Enquirer: 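Quick one: this structure, given as structure tokens, is what I'll be asking you about.
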Protein chains: 2
Amino acid sequence: MELAEAKRKFIEAWGKLGSEWGINRTMAQVHALLLISPEPLTTEEIMESLSISRGNANMTLRDLISWGLVEKQHKAGERKEYFYADKDTWNIARQVAKERRKRELDPVLKILDELSKVEGNKNNAEYKTFNKSVTDINKLAKNVDKTLDTMLKAEENWFWGTIFKIFK
Amino acid sequence: MELAEAKRKFIEAWGKLGSEWGINRTMAQVHALLLISPEPLTTEEIMESLSISRGNANMTLRDLISWGLVEKQHKAGERKEYFYADKDTWNIARQVAKERRKRELDPVLKILDELSKVEGNKNNAEYKTFNKSVTDINKLAKNVDKTLDTMLKAEENWFWGTIFKIFK
DNA sequence: TTAAACTTTCAAAATATTTTGAAAGTTTAA
DNA sequence: TTAAACTTTCAAAATATTTTGAAAGTTTAA
């Protein structure tokens with residue numbers, strides 16, 4: 001396979017994976033493009049490579065920056081802004097986990113906590129089932145939350161090393 | 001909070017979480033409704049509760065069945081089919097992990113394996129960056145894959161117990 | 001200041017996804 | 001068989017999301 005073709009495939013696959021996980025396809029593609037680019041790129045180059053509009057490129061890059069996956073770089077003597085993606089996979093995974101926890105897990109945990117406080121008659125099957133499901137899900141969500149917390153603080157080698165030592 | 005209100009909130013929250021994770025909102029809502037229902041429900045009852053059409057209810061239930069989250073039940077002497085959701089949170093998590101691995105992770109792993117085989121000139125920065133990103137992501141994806149595999153086979157208590165023993 | 005070079009915004013258009021509901025299909029009891 | 005009771009399908013409509021591109025905004029050098 002040609003390098004050029006391989007790059008296209010990678011961008012396509014990353015975009016598809018993103019869209020299946022609720023991340024905008026274009027955002028994932030821009031991220032993929034930057035991941036395999038040794039040098040930072042300008043908005044112009046990104047627009048060109050992926051055939052997207054200026055507005056789209058701009059908003060997508062801002063999003064990637066707010067996710068902590070991409071950073072702006074200034075080149076001395078140049079007016080243009082350059083964009084560069086962190087290439088450390090473990091950092092990427094941590095960053096994504098961190099953002100999604102904040103944006104999605106945290107609000108759900110809050111609601112589950114409230115809902116598990118709802119009082120009711122323990123002989124009422126409706127109430128019993130509701131309460132059991134909510135408290136069980138709450139427990140699971142809290143476990144996931146704690147695990148993410150550990151992962152966010154961890155070093156990659158330590159993390160996987162520990163996991164595999166145990167799971168072997 | 002009233003039980004009825006709490007139920008609505010739970011269904012809403014579950015639906016929102018689902019849509020943020022690339023699962024159809026209605027599908028997640030039907031799942032939520034069944035999770036807090038002590039008895040299996042008919043298509044009719046689900047349509048009514050969530051104000052959705054017959055076609056939508058039917059397709060959503062089929063999806064949930066194909067995900068292994070809901071099962072059909074027949075009641076003796078009745079023509080109608082009843083739908084019942086597994087209430088075991090750990091099973092739900094495993095089932096979802098299993099399906100997503102099959103549908104999303106596996107195809108990506110296949111592509112990454114191919115892409116990491118692409119040959120090139122080791123002095124070419126373009127090639128070097130491409131290769132490094134692809135092989136790194138491939139490693140991470142394989143680790144995730146193995147961990148999911150362990151989780152799919154594991155008992156809940158053992159799993160979290162082990163995780164927490166280590167992570168303290 | 002000015003104006004060129006750039007970035008950002010956002011309403012409208014394009015596209016993708018979801019939902020509806022009627023028609024077709026299937027199963028069961030009699 | 002038949003017809004009632006149910007389920008499934010799928011094209012069209014509704015809705016949600018994404019993208020465009022022109023206009024407005026900002027920054028910099030001179």
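Being a predicted model, the structure only gives us computed values, none of them experimental. Each chain gets a letter, A, B and so on, in the order the sequences are listed, and its residues count up from 1.
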Enquirer: side-chain hydrogen bond (donor to acceptor under 3.5 Å, both in side chains) for A:E104 and B:W21? Distances and angles first, verdict last.
Expert: CA-CA 9 Å; A:E104 294 151 23; B:W21 285 87; 3.1 Å; yes
Enquirer: In whole angstroms, how far is the C1' atom of C:dA22 from the CG atom of B:N56?
Expert: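 One finds 15 Å between C1' of C:dA22 and CG of B:N56, rounded.
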Enquirer: Nearest nucleotide by nearest heavy atom, which residue falls closer to the 5' end of DNA chain C, A:T43 or B:S53?
Expert: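 On the 5' side of the pair lies A:T43.
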Enquirer: Starting from P on C:dC6, measure out to CD on A:E78 and report it in whole angstrom.
Expert: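 In whole Å, C:dC6 P lies 8 Å from A:E78 CD.
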Enquirer: Expressed in angstrom and rounded to an integer, what is the separation of A:R54 atom CZ from C:dT9 atom P?
Expert: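 Those two atoms, CZ and P, are 15 Å apart.
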Enquirer: Could you check how far CG of A:N24 sits from P of C:dA14, rounded to whole Å?
Expert: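 Atom-to-atom, A:N24 to C:dA14, this comes out as 19 Å.
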Enquirer: Between CG of B:L115 and CD of A:E5, what distance do you get to the nearest 0.5 Å?
Expert: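 Reported to 0.5 Å precision, the distance equals 9.0 Å.
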Enquirer: Quick one: label B:S51 by what it contacts on the DNA or RNA (base, sugar-phosphate, nothing), any heavy atom closer than 4.0 Å.
Expert: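 It contacts sugar-phosphate atoms only.
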Enquirer: Can you tell me if A:E48 has over 12 outside heavy atoms packed within less than 6.0 Å of its CD?
Expert: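 Result for CD/A:E48: open.
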Enquirer: Is any side-chain N or O of A:T26 closer than 4.0 Å to OP1 or OP2 of D:dT19?
Expert: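 True: A:T26 side-chain N/O within range (under 4.0 Å) of D:dT19 OP1/OP2.
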Enquirer: Has B:K87 got a side-chain atom pairing as donor or acceptor with B:A85's backbone, closer than 3.5 angstrom?
Expert: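 Judged by distance alone, yes, a pair lies under 3.5 Å.
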Enquirer: Round to a whole Å and report the spacing from CZ of B:F83 to P of D:dT7.
Expert: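 Nearest whole value for this atom pair: 7 Å.
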Enquirer: Has A:N58 got a side-chain N or O lying under 4.0 Å from the OP1 or OP2 atom of C:dT8?
Expert: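 Result: yes.
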Enquirer: Check whether any side-chain N or O of B:R79 sits under 4.0 Å from OP1 or OP2 of C:dT26, and answer yes or no.
Expert: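 No, outside the criterion.
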Enquirer: B:I52 has an atom CD1; how far is it from atom P of D:dT7, in whole Å?
Expert: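 Nearest whole value for this atom pair: 13 Å.
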Enquirer: Between C:dC6 atom C1' and A:Y82 atom OH, what is the distance in whole Å?
Expert: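 So the two atoms are 12 Å apart, to the nearest Å.
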Enquirer: Please list every stem that involves DNA chain C, where a stem is a run of 3 or more consecutive Watson-Crick or G-U wobble pairs with both pairing distances under 3.5 Å.
Expert: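 C:1-30 with D:1-30 - these are the stems of 3 or more pairs that involve DNA chain C.
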Enquirer: Tell me whether the OP1 or OP2 atom of D:dT17 has a side-chain N or O from A:R25 closer than 4.0 Å.
Expert: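 So the side-chain polar atoms of A:R25 never come under 4.0 Å of the phosphate oxygens OP1 or OP2 of D:dT17.
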Enquirer: Decide yes or no on side-chain hydrogen bond (donor to acceptor under 3.5 Å, both in side chains) for A:Q29 and A:T26, but give the supporting numbers first.
Expert: CA-CA 5 Å; A:Q29 286 184 337; A:T26 304; 4.9 Å; no
Enquirer: Would you kindly compare B:M59 and B:E44 by the position of their nearest DNA chain D nucleotide and give the one closer to the 5′ end?
Expert: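 In this pair, the answer is B:E44.
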Enquirer: In a check of salt bridge (charged side-chain N to carboxylate O under 4.0 Å, His left out) between B:D149 and each of B:R94, B:K98, B:R101, B:K142, which one passes?
Expert: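 Answer after filtering B:R94, B:K98, B:R101, B:K142: B:R101.
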Enquirer: What is the distance from CD1 of A:I46 to C1' of C:dT8, rounded to the nearest Å?
Expert: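 Result: 15 Å.
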Enquirer: Hey, what's the ring geometry for A:W160 with A:W90, parallel, tilted or perpendicular (30° and 60° as the breaks)?
Expert: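 Judged by the thresholds at 30° and 60°, the geometry between A:W160 and A:W90 is perpendicular.
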